[in-house]
Amino acid sequence: MIEIELDGHKVGIAEGSTVMHAAEKAGTFIPHFCYHKKLSISANCRMCLVDIEKMPKPMPACATPVTQGMIVHTKTDKAIKAQQSVMEFLLINHPLDCPICDQGGECQLQDIAVGYGASASRYEEEKRVVPVKDVGPLISMQEMTRCIHCTRCVRFGQEIAGVMELGMSQRGEHSQIETFLDHTIDSELSGNMIDICPVGALTSKPFRYSARTWELSRRKSVSPHDSTGANLIVQVKNNRVMRVVPFENEAVNECWIADRDRFSYEALNGQERLTTPMIKQGGQWKSVDWPTALEYVANGLKQISAEYGPSSLGALVSPHATLEELHLSVKLMQGLGSNNIDHRLRHAEFPAAQGVRYLGTSIAALSDLQSVLVIGSNVRKEHPLFAQRIRQSARKGCVVSAIASGHDDWAMPVAHRVEVPAAQWVQALASVAAAVALEKGIAAPVEAASNDSSTAIAQALMAGERKAILLGNGAAHHAQASSLLALAQWLADQTGASFGYLTEAANTVGAQLVGAEPASGGLHAGQMLGGALKALVLLNTEPEFDSAAGVQAVEALGKAQMVVSLNPFKANMAFCDVMLPVSPFTETSGTFVNAEGRAQSFHAVVQPLGETRPAWKVLRVLANMLDVPGFDFASSEEILQSIPALTSGETAHVAPDRLSNRTTAAINLSTPAGVPVVAGIYQLDGIVRRAPALQHTADARAAETQEVAA
């Protein structure tokens with residue numbers, strides 16, 4: 001530790017830190033623009049100039065390393081005059097458009113100019129003008145004249161997103177931030193550039209000119225998409241979601257969110273929202289009131305159960321539903337005498353549950369790995385925030401290895417990559433196990449030959465202390481998922497690595513926790529999607545898009561006597577008989593359990609749209625009408641407290657004894673048919689699929705092209 005004096009106070013700080021770090025620790029504010037705690041130092045705005053004794057001129061606090069006994073003054077005339085001079089230069093070319101700027105009210109330049117700017121400018125020459133740029137559907141660069149060249153956006157692309165999509169061209173007053181060759185900004189994390197821009201140069205294109213920041217109410221929530229469980233601030237005006245930005249949580253999403261977390265809110269206000277219960281009569285959809293719709297459903301389920309038995313009823317539930325909704329769905333099916341319930345719609349193998357599958361380590365630990373092997377995942381697109389953490393590990397020297405069926409660009413150095421068809425993933429992983437066995441002089445779990453690639457991966461896994469084996473969505477949905485897990489378990493045991501699943505959805509872990517899988521004698525999702533039941537309840541899922549059956553599910557489910565859809569959108573209309581409008585995550589309270597087993601509860605941020613009702617309330621009333629006991633819940637908090645594996649509270653963890661990736665499955669080296677079904681980055685769930693801006697991105701267009709080609 002080094003001790004310095006800052007504005008008359010002693011501050012202890014680690015060697016190698018800067019004056020800015022010391023000021024942050026001491027709670028002393030130093031004005032700055034280019035400095036950001038998650039980015040490298042550039043020292044190009046010069047706003048953080050401070051007075052350091054024995055230094056002939058003011059020095060930038062962000063780039064000046066501390067030394068023992070250093071004496072720093074941030075409030076002397078020398079420091080303040082230097083900062084005021086820098087502010088005058090920054091404002092020379094800045095346009096006077098604060099009244100119409102989307103950044104107005106939360107602009108760093110605006111705030112600091114109040115304290116360090118002059119009341120009038122001495123500059124009388126013509127101001128520079130930067131041409132308008134179109135960089136895609138998410139980010140607006142219409143007013144790049146406002147740019148102060150802090151290069152935060154450039155450094156974010158290089159260091160966090162892994163792709164340098166923006167850069168600074170030319171010199172002097174002709175300098176400008178731009179994409180080159182008229183490319184668009186296509187990173188799956190690009191929206192974070194809007195947050196870190198200290199002025200109004202980069203703004204949100206979907207949000208543009210729709211509200212002023214002081215008109216918005218800010219409410220905390222949790223992302224319903226991938227398994228990160230990113231913490232959000234949902235900004236609301238007139239009972240309408242207007243914008244979504246990150247809420248900082250260092251243990252989960254740091255200060256970043258993925259673009260699908262940020263821009264998917266557009267679907268919540270879209271034309272496809274279902275706002276009243278609807279029943280299909282004579283092939284035509286008619287709006288009805290809630291009592292009529294629920295009575296119709298209850299009577300239909302009773303009649304089918306009486307005629308064909310309880311085993312003719314089933315439920316397909318989404319792992320994007322809340323923990324409370326999933327728990328009540330399980331209780332409802334069990335109360336009706338049926339074990340036919342499943343959340344694994346995209347799976348090809350349905351083994352009996354042996355434990356709640358999860359990440360196998362903490363999310364934060366992904367930022368500090370020394371070696372990692374990822375199997376069956378385009379981690380950059382499937383889990384952007386996990387990929388960002390692994391990218392940080394790679395920047396520190398982590399050896400990244402992959403077994404996949406294609407050469408996906410992860411925007412990070414991948415040291416060893418085995419590219420084989422999905423049907424050969426088990427053999428490829430068995431080769432790595434054989435290489436480990438050869439290195440250690442022990443018997444391999446199965447007979448397989450090692451090769452140069454598998455040996456390199458094995459050596460990487462055996463080196464270092466912090467390492468992980470991660471199974472992606474493709475591995476989870478694989479026809480030999482159990483064999484992949486068994487091999488990963490053996491490798492982890494022999495190398496000291498953690499192992500587990502990245503897990504696909506916001507509540508994949510939660511769905512396992514409450515038992516949203518078929519119990520003894522129950523049908524799994526593959527059988528139910530094949531048309532094996534007379535009546536089905538669909539909770540927040542669209543089998544045509546959310547299942548391995550795809551379009552074949554439409555024909556199969558169309559043969560059922562009754563299909564009930566609980567969905568926020570007009571979904572499943574081709575084969576459903578009843579559509580019940582249930583609330584998306586912004587209109588209900590609930591809990592999501594992320595990949596590491598962290599349970600995060602949230603509250604509704606707006607009132608339900610139209611006649612929409614929270615799904616847990618719909619399930620409770622339906623159970624009461626069906627005379628199913630144990631549904632006397634008055635709030636989602638009561639439902640949560642009835643789940644014994646969780647401790648109550650806004651943030652809790654699943655009981656450690658419930659989380660386990662251990663398996664007793666045998667390893668099967670046979671070659672399966674078919675390819676694992678993995679959702680595209682902007683096709684993951686119904687909300688994302690209906691967000692216009694996201695569907696105009698390069699990733700979404702590429703997915704459409706692949707579907708047409710298929």
Side-chain angles (χ1 to χ4, degrees), residues 359-361 365-366 368-380 382-383 386-387 389-476 478 480-481 483-502 661 663 667-669 671 676:
L359 187 62
T361 184
L366 299 180
D368 199 31
L369 294 172
Q370 294 173 309
S371 179
V372 60
L373 170 61
V374 181
I375 304 152
S377 174
N378 180 0
V379 65
R380 176 184 170 189
E382 293 170 18
H383 301 90
F386 289 170
R389 285 190 179 269
I390 296 173
R391 191 173 295 120
Q392 302 316 305
S393 291
R395 288 172 59 84
K396 301 172 190 173
C398 174
V399 179
V400 181
S401 306
I403 295 176
S405 55
H407 192 84
D408 299 311
D409 181 10
W410 289 4
M412 70 180 83
V414 179
H416 312 296
R417 188 190 297 268
V418 176
E419 294 180 26
V420 293
Q424 298 176 25
W425 287 351
V426 175
Q427 290 91 329
L429 196 55
S431 293
V432 176
V436 169
L438 189 62
E439 290 280 336
K440 297 188 69 173
I442 60 176
V446 289
E447 186 175 345
S450 61
N451 52 46
D452 291 345
S453 296
S454 61
T455 300
I457 294 174
Q459 290 173 345
L461 284 175
M462 295 177 70
E465 297 179 356
R466 301 182 303 277
K467 43 209 174 182
I469 300 170
L470 303 175
L471 297 160
N473 296 349
H478 199 275
Q480 291 179 325
S483 296
L484 290 170
L485 179 61
L487 281 166
Q489 174 180 282
W490 188 90
L491 283 168
D493 290 343
Q494 298 303 320
T495 63
S498 66
F499 74 105
Y501 288 97
L502 292 167
N661 293 313
T663 181
I667 300 170
N668 180 6
L669 291 179
T671 303

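Considering only heavy atoms from C-beta on, T671 comes within 4.5 Å of Q427 through its side chain. When side chains are defined from C-beta on, W425 does not count as touching S483, because their heavy atoms never get closer than 4.5 Å. Contact of the W410 side chain with the V379 side chain is registered, since non-hydrogen atoms from C-beta on lie closer than 4.5 Å.
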### Task
Kindly indicate, with the supporting measurements, whether the criterion side-chain contact (heavy atoms from CB on, under 4.5 Å) is fulfilled by L461 and Q494.
CA-CA 9 Å; L461 284 175; Q494 298 303 320; over 6 Å; no

### Task
Report the C-alpha distance between L359 and L470 in whole Å, list the side-chain angles of each, state the deciding distance to 0.1 Å, and finish with yes or no for side-chain contact (heavy atoms from CB on, under 4.5 Å).
CA-CA 7 Å; L359 187 62; L470 303 175; 4.0 Å; yes

### Task
Give the intermediate values and the outcome of side-chain contact (heavy atoms from CB on, under 4.5 Å) for residues T455 and E439.
CA-CA 9 Å; T455 300; E439 290 280 336; 4.2 Å; yes

### Task
Any chance you could lay out the side-chain contact (heavy atoms from CB on, under 4.5 Å) test for M412 and R380, step after step, and finish with the verdict?
CA-CA 9 Å; M412 70 180 83; R380 176 184 170 189; 6.0 Å; no

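Here the closest non-hydrogen pair linking F499 and A492 is CD2-CB, 3.5 Å. Among all heavy-atom pairs drawn from S393 and D368, the shortest one is OG-N, 3.1 Å. Among all heavy-atom pairs drawn from S371 and C398, the shortest one is N-SG, 3.6 Å. Heavy-atom minimum distance, L429 versus L484: CD2-O, 3.6 Å. Looking at every heavy atom in both residues, Q480 comes nearest to V426 through OE1-CG2, 3.1 Å. Smallest separation of non-hydrogen atoms from T663 and Q489: N-OE1, 2.6 Å.
One side chain, S454 or N451, offers a donor N or O that lies under 3.5 Å from an acceptor on the other.
For the atom pair CD1 (I667) and CG (L485), the distance works out to 10.0 Å, reported to the nearest 0.5 Å. Of the inter-residue distances, the one linking I375 atom CD1 with L471 atom CG reads 4.5 Å to the nearest 0.5 angstrom. In this structure, CD on Q459 lies 13.0 Å from OG1 on T495, to the nearest 0.5 angstrom. Atom CD1 in I390 sits 6.5 Å away from atom CG in L502 (nearest 0.5 Å).
Checking side-chain atoms of S431 against main-chain N and O of A449 turns up a donor-acceptor pair under 3.5 Å. In this structure, the side chain of K467 does not engage the main chain of A497 through any donor-acceptor pair within 3.5 Å.
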In a table with atom names and distances, give each donor-acceptor pair under 3.5 Å that connects a side chain of residues 414-424 to protein atoms at least two apart or in another chain.
| residue | atom | partner | partner atom | Å |
| --- | --- | --- | --- | --- |
| R417 | NE | H407 | ND1 | 3.4 |
| R417 | NH2 | D408 | O | 3.4 |
| E419 | OE2 | H407 | ND1 | 2.5 |

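Under the ring pair (Phe, Tyr, Trp, His ring centres under 6.0 Å) criterion, F386 pairs with H383, not counting sequence neighbours.
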